[in-house]
Amino acid sequence: MKLFVFHTPELTPTATVADCAIAVDVLRATSTIATALGAGAEAVQAFSDLDKLLEVSETWAPDKRIRAGERGGAQVEGFDFGNSPLACTPDLVSGRRLFISTTNGTRALQCIEAAPVVLAAALINRRAVVQHLVQHKPATVWIVGSGWEGSFSLEDTVCAGAIAHGLQAELGCSLADLAGNDETIAAVSLYSQWRPNLLDLFYLASHGQRLLKLGIIEDLKYCAQEDILDVLPIQRELGVLVKH
Ligand code: 3SL
């Protein structure tokens, strides 16, 4: 298995696809997606465009859908949810489809949607992702960070490093064997340094700071936890993720 990390959708190759591609938006889209599916959502359907989300979700019965819209960290007016994983409680999401559009995370999903296997990963469901890769052993794996509007983000890279670190341990392979690019090696180094203090890293990160300015602190604490959800979001049809 060769693992490649790309920091943003913009840096992800467009001429080829990996056997398995994984979108990461730890703060907060992929944490929200895993949490919603863990809380019993029927599926999560991701959109980069808010108008398209409204158009498609309109064809669903109101009691079977939740519309989640986030821009710049804040909830979009008229939507049921913003992008807080903590809003995804079983009483609110169970049996309903979460239609979601976020600033960067849903774009990352869209950029890899043509891969044969598409997963969504965060720190909270890292182990489930690692286990899937160990079981299926795809020859090429891409981890695509969402970043922020085209630039690198610490929290997505540290999650990529956490996945690579888990794979190394499970497969018993060296980093030289696993890493397909330099970004993978850098991600593992970042994770090795910050593993005991992931929340502190989030406080330093530019998007962590952005969320803190909006008073969003509980989400940071929640998203900084590792392996608390045994949920693997996997694409069932274009843009639609279900719990594996
Ligand atoms: O950029 C995104 O897609 C988001 O997850 C941003 S936020 O954490 O909801 O602000």
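Both counts, for ligands and for their atoms, begin at 1 and track the order of listing. What you see is a predicted model, and the numbers here were worked out from it, not measured in a lab.
Side chains of Thr30 and Asp25: no donor on one and acceptor on the other come within 3.5 Å.
Residue-to-ligand polar distances place Ala29 within reach of ligand 1: an N/O pair is separated by less than 3.5 Å. Looking at Gly105 next to ligand 1, an N or O pair under 3.5 Å apart turns up. Looking at Asn83 next to ligand 1, an N or O pair under 3.5 Å apart turns up.
By the criterion of a heavy-atom distance under 4.0 Å, the side chain of Leu211, and not its backbone, is placed next to ligand 1. Residue contacts with ligand 1 for Glu70 involve side-chain atoms from C-beta outward but no N, CA, C or O (heavy atoms, distance under 4.0 Å).
Contact record, Leu98 with Ala36: CD2-CB, 3.8 Å, taken as the closest heavy-atom pair. Leu190 and Val158 get closest at one heavy-atom pair: CD2-N, 3.7 Å. When all heavy atoms of Thr8 and Gly147 are compared, the pair lying nearest together is CG2-CA, 4.4 Å.
Between Arg28 and Glu155 there is no salt bridge, since none of the side-chain N atoms of the basic residue sits less than 4.0 Å from a carboxylate O of the acidic one.
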Derivation of the salt bridge (Lys or Arg N to Asp or Glu O under 4.0 Å) call for Arg67 and Asp80
CA-CA 5 Å; Arg67 292 158 159 175; Asp80 307 311; 5.7 Å; no
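Of all the atoms in ligand 1, the ones that sit under 4.0 Å from a non-hydrogen atom of Trp148 are 1 (O), 6 (C). Near Gly73, the atoms of ligand 1 lying under 4.0 angstrom from a non-hydrogen atom of the residue are 10 (O).
Closest to atom 1 (O) of ligand 1 by heavy atom, among Asn104, Asp219, Asp156, Leu27, is Asn104. Which of Asp25, Ile33, Thr102 comes nearest to atom 5 (O) of ligand 1 through a heavy atom is settled by distance: it is Asp25.
Note: His7 and Phe152 have perpendicular aromatic rings, judged against thresholds of 30 and 60 degrees for the angle between ring planes.
At least one heavy atom of His207 sits closer than 4.0 Å to an atom of ligand 1.
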